[in-house]
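Okay, so here's the structure we're looking at.
Heavy-atom basis, side chains included; hydrogens, waters and symmetry copies ignored. So that the names make sense, note that chain A is the first sequence line, chain B the second, and so on, each numbered from 1.
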2 protein chains.
Amino acid sequence: MGLETDDVRQNDGRTRELDAFDRKLLGLLVEDATRSYAELGEQVGLSAPAVHERVKRLKRTGAIRQTAALINPAAVQKTLLAFVHVDTSGWGKTPELLAIGKYPEVEEMHSVAGDTCMLLKVRTKDSRALEGLLARIYDVPGVIRTRSYVVLSTHMERPVQPANTSEWPAPRQHAPPPQR
Amino acid sequence: MGLETDDVRQNDGRTRELDAFDRKLLGLLVEDATRSYAELGEQVGLSAPAVHERVKRLKRTGAIRQTAALINPAAVQKTLLAFVHVDTSGWGKTPELLAIGKYPEVEEMHSVAGDTCMLLKVRTKDSRALEGLLARIYDVPGVIRTRSYVVLSTHMERPVQPANTSEWPAPRQHAPPPQR
DNA sequence: CCTGAAAAACGTAGTGA
DNA sequence: TCACTACGTTTTTCAGG
């Protein structure tokens, strides 16, 4: 009578394909999640309750992970943005290394393929705070070196898009890439 | 009687410091922007209208840039995540290079200091789509080479935090990094 | 999936500290 | 200036078809 692992399969966010309505709703909600169901409805051609039902399902299945307020980093004194490559001896990915994801300065933490092991996106108040974080990273056993790419200017930064949101350069009717 | 540029100064998002209430509200809204003003009020110890007033100001001043639905990349077939370093001859940052931020696959685009010029965060359906994007990048005049770091697993990814959200490991009073 | 109605939340006053 | 109380309106939500 317990909940078996297989039972959750459909909540993984990759089952139950999304139709055109769902994708359209996602696009609208990514842009502005404060829109009313009524407005969403008339945008996609559905009634408000129908929209509500779909959005609820999108949240339940995990297609919508959360709806968040995106705040201006400058407003909270997080002026410095940097990407930090972390190289380790051996297979890295130790619990100690993963634990540095707990620091509030770390916004992203990925294992990557390439000439480095781990990649961090880090936002701090200033260079001094970044230095402090790097010091803590070097304290982790196995860490050999780090390479930091300090961001000089951010030209674009947006959340995950459901599909082609911004204007798509070539308006030819979704033609597949040319292959001969 | 026109609106001079100086008049908008206070809407830049860095003026008018945030007090403890504002920061607390930001933290709650980053977690879940669907909370009602009443709930926010009792969380921070304010009445609902007062909260509404503050949130409205936070949006007006740009501290809250937008409230968005964060969607699961897998749900929209964006399985592959990669960070692409773009090296250019000379000072790069040409209009043609900046234009590749228009592609929907590109989520972030930063000028960085370091051994590379531009850094992209890119999300595509598969490696073939990434290849297509790289081809378009190489078409940009001035682009010498690219280095791609394909993400194997994402251990953490969260929006901009107003302050220390997660539990703070070392409660020693912000000790400076050891230097000898 | 749509139409209608109950319930709750929102937004705008006006009032006082 | 800022926060609280009260009220009109919209939105959300649940019923039935």
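Considering only residues two or more places apart in sequence or on other chains, A:E96 meets the salt bridge (charged side-chain N to carboxylate O under 4.0 Å, His left out) condition with none of them. Partners of B:E53 according to the side-chain contact (heavy atoms from CB on, under 4.5 Å) rule, which considers only residues two or more places apart in sequence or in another chain, are B:K56. Under the side-chain hydrogen bond (donor to acceptor under 3.5 Å, both in side chains) criterion, B:R54 pairs with B:D19, B:D22, sequence neighbours left out.
When side chains are defined from C-beta on, B:Q161 does not count as touching A:V76, because their heavy atoms never get closer than 4.5 Å. Annotation: side chain of B:L70 is not in contact with side chain of A:I64 (no heavy-atom distance under 4.5 Å).
The distance between atom NZ of B:K56 and atom P of C:dG11, rounded to the nearest whole Å, is 8 Å. We find that CD of A:E42 is positioned 14 Å from C1' of D:dT11, with the value rounded to whole Å. The distance between atom NE2 of B:H52 and atom C1' of D:dT11, rounded to the nearest whole Å, is 14 Å. B:Y37 places its OH atom 17 Å from the P atom of D:dT10, with the value rounded to the nearest Å.
The other members of the hydrophobic cluster of B:F83, by chain and number, are A:L81, A:F83, A:V112, A:L119, A:Y149, A:V151, B:L81, B:V112, B:L119, B:Y149, B:V151 (side-chain heavy atoms under 4.5 Å, ILVMFWY only).
B:E157 and B:R123 are joined by a salt bridge, as a carboxylate oxygen and a charged side-chain nitrogen come within less than 4.0 angstrom of each other.
Annotation: the terminal axes of the helix from C:dC1-D:dG17 to C:dA17-D:dT1 meet at 30°, where each axis is the rotation carrying the C1' atoms of four end pairs onto the next four (5 pairs per end, rounded to 10°).
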Item to check | Derivation of the ring pair (Phe, Tyr, Trp, His ring centres under 6.0 Å) call for A:H110 and A:H85 | outcome: CA-CA 10 Å; A:H110 312 274; A:H85 293 224; over 10 Å; no
At a cut-off of 3.5 Å, list every protein nitrogen or oxygen paired with a nitrogen or oxygen from nucleotides 1-5 of chain C, distance to 0.1 Å.
| residue | atom | partner | partner atom | Å |
| --- | --- | --- | --- | --- |
| C:dC1 | OP1 | A:R54 | NE | 3.1 |
| C:dC1 | OP1 | A:R54 | NH2 | 2.5 |
| C:dC2 | OP2 | A:S47 | N | 3.0 |
| C:dC2 | OP2 | A:S47 | OG | 3.0 |

